[in-house]
Protein chains: 2
Amino acid sequence: MKKKKKELNDAALEMIAGRFRLMSEPMRLKILHTLGEREMNVSDIVAATGANQANVSKHLGILYDAGVVTRRKEGLTVNYRVSDDTIFELCDVVCSRLKSQFDLRRFALSDL
Amino acid sequence: MKKKKKELNDAALEMIAGRFRLMSEPMRLKILHTLGEREMNVSDIVAATGANQANVSKHLGILYDAGVVTRRKEGLTVNYRVSDDTIFELCDVVCSRLKSQFDLRRFALSDL
DNA sequence: ACACTGTATTACTATACAGTAATATATGGT
DNA sequence: ACCATATATTACTGTATAGTAATACAGTGT
C-alpha cells in the first residue's frame, strides 16, 4: 500500500491546532512545568504559581478535558498529574529551537 | 556544574507560548503543510488553500516574522519556503499523540 | 445541623486576533 | 506614462478566551 501525500482535512487541522492552542498560554505552561512528574493538589499549584485560584482551576479543567492531566480526588483536595509526556517533548523541541535562534542572533550582532 | 530544576521565568514562558500560538491556527498549519519542502509563491498558496489572498498574505507575514519561513522576491511574485523544520517535528509529535489518543477511545468503545 | 476548607463554576470585562474588503505598493509589459 | 498583475497593508468586525470576583459545591470535623 502506497503512502501518497496526505491531504489534511479541516477537522484534522482543527484538532492539531487545538493541541497547540492548549500549549499557547504561559499560565498553562507554568502549571505544567510546575507539575513536572509529580502529583500536586490545586492549593499547592496555586501557591507555586502565584496565580489566582479560580484561574488555576480553570486551566486545570482545560488541561483535564484535553486529556493532558489526570485528576484524583483525595478527601477535600484534588490531585493533578501530567499524563501526557508528549507535552514535555513539545516544549523541549520549542525550547531548543528558540535557544539556537537566539544564539544565531547574538552571533549576528557580535560584529557590531 | 550542577543542573538544578530550571525555574522558567515569565519572559521565557511567553516566548514558548508564543511559538505554540503560532501553530495554533488551522490556516497557518494548512499553509505550512501546503508548502512542505517546496518553495511556492503567494498566488499558488492562495489557490492551494482556497483562502482569501489578504488572509494568506497576513499569515505568511506572521510566519515570516517568526522566522519560520523565508521570503524570496522574484519579479512580481514572492516565494516562500519553510525554513524551520522543527515545525514539522512538532506537528508529527502532536499527530501521533492525537492518533493514539483516538485509538484508545475507539478501543474503549469496542465492547459496546 | 453548622462552620470550615478546598475546588469548581458562573458571570463579567477586557484583550487579542482571524477574516475580509478596500486600498496601497511594487514590478513588468505596452 | 499607463495598465495589469502580485503582494502587502489598513481599517474594521466578530469571536474566542484569559483573568477575576463572587458564588456554588463537596467533603471534613464539631
Side-chain angles (χ1 to χ4, degrees), chain A residues 10-11 13-35 38-82, chain B residues 10-11 13-35 38-82:
Chain A
D10 290 354
L13 285 173
E14 191 61 58
M15 291 181 72
I16 303 170
R19 200 69 173 184
F20 284 122
R21 195 173 313 122
L22 197 74
M23 311 284 296
S24 71
E25 283 304 318
M27 195 60 218
R28 279 200 284 275
L29 293 180
K30 193 169 194 173
I31 290 173
L32 290 169
H33 184 254
T34 298
L35 275 173
R38 15 169 208 170
E39 194 183 53
M40 291 176 77
N41 64 43
V42 180
S43 304
D44 291 342
I45 300 173
V46 168
T49 58
N52 184 306
Q53 180 267 321
N55 199 19
V56 170
S57 218
K58 195 155 102 173
H59 283 303
L60 284 171
I62 292 171
L63 292 170
Y64 177 75
D65 289 342
V68 169
V69 299
T70 56
R71 191 181 250 161
R72 191 174 66 81
K73 299 192 86 165
E74 189 183 33
L76 261 184
T77 71
V78 180
N79 297 309
Y80 286 89
R81 172 188 287 275
V82 175
Chain B
D10 291 353
L13 285 172
E14 192 62 57
M15 291 180 73
I16 303 170
R19 200 70 174 185
F20 284 122
R21 195 172 313 122
L22 197 73
M23 311 284 296
S24 72
E25 282 305 318
M27 195 60 218
R28 279 199 285 275
L29 293 180
K30 194 169 193 173
I31 290 173
L32 290 169
H33 183 254
T34 298
L35 276 173
R38 11 167 212 174
E39 194 183 53
M40 292 176 76
N41 64 42
V42 180
S43 304
D44 291 343
I45 300 173
V46 168
T49 57
N52 185 305
Q53 180 267 322
N55 199 18
V56 170
S57 216
K58 195 155 101 173
H59 283 303
L60 284 171
I62 292 170
L63 293 170
Y64 177 75
D65 289 342
V68 169
V69 299
T70 57
R71 190 182 251 160
R72 192 175 65 83
K73 300 191 85 165
E74 189 184 31
L76 262 184
T77 72
V78 180
N79 297 310
Y80 285 89
R81 173 190 286 275
V82 176

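Each chain gets a letter, A, B and so on, in the order the sequences are listed, and its residues count up from 1.
- Across all strands shown, Tyr64(B) has no heavy atoms under 4.0 Å from either base or sugar-phosphate atoms.
- The shortest side-chain heavy-atom distance between Asn41(A) and Val78(A) does not fall under the 4.5 Å cut-off.
- Distance alone, capped at 3.5 Å, is enough to place a donor-acceptor pair between the Arg21(B) side chain and the Ser24(A) backbone.
- Here His59(B) reaches the OP1 or OP2 of dG19(C): one of its side-chain N or O atoms lies under 4.0 Å away.
- Proximity note for Val42(A) (side chain, C-beta onward) versus dG19(D), dT7(C), dA18(C): the nearest is dT7(C).
- Regarding contacts with the backbone of dA8(C), a side-chain N or O of Arg71(A) is found under 4.0 angstrom from either OP1 or OP2.
- Phosphate contact (OP1/OP2 of dA8(D), side-chain N/O of Tyr80(B), threshold under 4.0 Å): present.
- At the heavy-atom level, Ile62(B) lies under 4.0 Å from the strands shown only through sugar-phosphate atoms.
- Under 4.0 angstrom from either OP1 or OP2 of dG6(C) there lies no side-chain N or O belonging to Asn41(A).
- Taking only side-chain atoms of Ala54(B), from C-beta outward, the nucleotide of dA21(C), dT7(C), dT20(D) with the closest atom is dA21(C).
- In this structure, Thr77(A) reaches the sugar-phosphate backbone alone: every heavy-atom distance under 4.0 Å involves primed, P, OP1 or OP2 atoms, never a base.
- Judged by distance alone, with hydrogens and angles left aside, Gln53(B) brings no side-chain donor or acceptor close enough to the base of dA6(D) to form a pair under 3.5 Å.
- Each of Leu76(A) and Val78(B) was matched to the nucleotide of DNA chain D holding its nearest heavy atom; the match closer to the 5' end belongs to Val78(B).
- Side-chain nitrogen and oxygen atoms of Arg21(A) include none within less than 4.0 Å of the OP1 or OP2 phosphate oxygen of dA16(D).
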Q: For side-chain contact (heavy atoms from CB on, under 4.5 Å), just list the numbers for Ile16(B) and Met23(A), CA-CA rounded to whole Å, side-chain angles, deciding distance to a tenth of an Å, and then say yes or no.
A: CA-CA 9 Å; Ile16(B) 303 170; Met23(A) 311 284 296; over 6 Å; no
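- Among dA18(D), dA8(C), dT20(C), the nucleotide with an atom closest to any side-chain atom of Asn52(B) is dT20(C).
- Regarding contacts with the backbone of dT27(C), a side-chain N or O of Lys73(B) is found under 4.0 angstrom from either OP1 or OP2.
- Of the possible polar contacts, none joining the Ser57(A) side chain to the Ala54(A) backbone as a donor-acceptor pair under 3.5 Å is found.
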